[in-house]
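The figures that follow rest on heavy atoms only: side chains count, while hydrogens, waters and symmetry mates do not.
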Amino acid sequence: MAEKDSSCEYAVRFENLSRHYDLGGQVVRALDGVTASFKKGSFWAIMGASGSGKSTMLNILGCLDRPTSGHYFLDGEDVSQLEDDALSDIRLNYLGFIFQSFNLIPQLTVAENIALPLYYKGKSDHECFSKAKEMAEIVGLSNRLGHRPSQLSGGQQQRVAIARALSTDPVVLLADEPTGNLDSATSVEIMKLLVDMNNMGKTVIMVTHEPDIADFAQHRLIMKDGKIDRIS
């Protein structure tokens, strides 16, 4: 990781961040000079119409893409132009991901799915199972450790995904439409769980198109045409 940023109160900070794509000779400004700060321990909802830039922002937040220009500071470090191996390390050690489609591995048990990032970090089987058990308890699935995803409801699968995201004690939890595949009642349960995680000190940054889901966040960042339209 490169240049140190002194603004340690921020989990994430963008400085004049842009991401441009060349599509058949036409430049698409998916992000166009975005400057924003996300304090540690805050809960944000990123919103906007299709094509507004919110998915591009999430990809850069998750170190899945690099900006064309500008700076992205994660936990005080400029990660804007790091090489692929370094970005992989950051995804593993600094970020937790929660997806709309859960992204669980069907052949693995709940415990194995939760512990998967820890195996990648070289932890022992004992450490992995112990942490998986601890995380499963936090999300209310301590009696499902031996089950496979196909034996769980959608809400339970998303709880497993949240437990997996938390297993490495990340700096930031990134949630991409975390309730998109859930019914209304289950969506509320999942959002209350994310609020609990935020109350425990985790920074949560969520992309959603649903205003009632965004209401669970402390702040909203509205994107429009690759720029920040407003923050509330």
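A salt bridge is defined here as a Lys NZ or Arg NE, NH1 or NH2 lying under 4.0 Å from an Asp or Glu carboxylate O, and Arg220 with Asp215 meets this definition. For the pair Asp176 and Lys54, the salt-bridge criterion is not met [side-chain N within less than 4.0 Å of a carboxylate O].
Of all heavy-atom pairs spanning Phe38 and Ser42, the tightest one is C-OG, 4.0 Å. Residues Glu177 and Glu210 approach most closely at OE1-OE2, 4.5 Å, considering heavy atoms. Between Val139 and Arg159, the closest heavy-atom pair is O-NH1, 2.8 Å.
Using a 4.5 Å heavy-atom threshold, the side chains of Ile98 and Met206 count as separate. Under the 4.5 Å side-chain criterion, counting only non-hydrogen atoms from C-beta, Pro67 is in contact with Gln81. Between Arg91 and Leu64, the closest side-chain pair of non-hydrogen atoms falls below 4.5 Å. Residues Leu173 and Leu166 form a side-chain contact, since some pair of their non-hydrogen atoms from C-beta on lies under 4.5 Å apart.
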| said: Evaluate Tyr94 against Asp89 for side chain to side chain contact (heavy atoms under 4.5 Å, CB included), listing each step before the verdict. | reply: CA-CA 8 Å; Tyr94 287 80; Asp89 286 343; over 6 Å; no
| message | Using the rule given for side chain to side chain contact (heavy atoms under 4.5 Å, CB included), can you reason through Ile190 versus Phe216, listing the C-alpha separation, both sets of side-chain angles and the distance that settles it, and then say yes or no? | response | CA-CA 11 Å; Ile190 292 301; Phe216 284 91; over 6 Å; no
| task | List the steps and the verdict of side chain to side chain contact (heavy atoms under 4.5 Å, CB included) for Val160 and Arg144. | result | CA-CA 10 Å; Val160 175; Arg144 294 286 192 272; over 6 Å; no
| request: Would you sort out whether Asp125 and Tyr119 count as a side chain to side chain contact (heavy atoms under 4.5 Å, CB included), showing the intermediate values? | output: CA-CA 8 Å; Asp125 289 349; Tyr119 285 114; 3.4 Å; yes
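Judged purely by distance below 3.5 Å, without hydrogens or angles, the side chains of Ser167 and Arg164 never pair a donor atom with an acceptor atom.
Counting only residues at least two apart or in different chains, side-chain hydrogen bond (donor to acceptor under 3.5 Å, both in side chains) contacts with residues 223-232 comprise Asp32-Lys227. Among pairs with a residue in residues 192-205, those fulfilling side-chain hydrogen bond (donor to acceptor under 3.5 Å, both in side chains) read Asp169-Lys202, Asn198-Gln218, at least two apart in sequence or across chains.
Crowding of Lys40 atom NZ: a count of heavy atoms from other residues, nucleotides or ligands under 6.0 Å exceeding 12.
No side-chain donor-acceptor contact under 3.5 Å links Thr168 to the backbone of Asn93. In this structure, Arg29 contributes its side chain and Ser18 its backbone to no donor-acceptor pair below 3.5 Å.
Evaluated for a side-chain contact (heavy atoms from CB on, under 4.5 Å) with Leu61, the options Leu95, Leu74, Ile46 yield exactly one hit, Ile46.
Evaluation of the side-chain hydrogen bond (donor to acceptor under 3.5 Å, both in side chains) rule for Ser142 yields no partner, not counting sequence neighbours.
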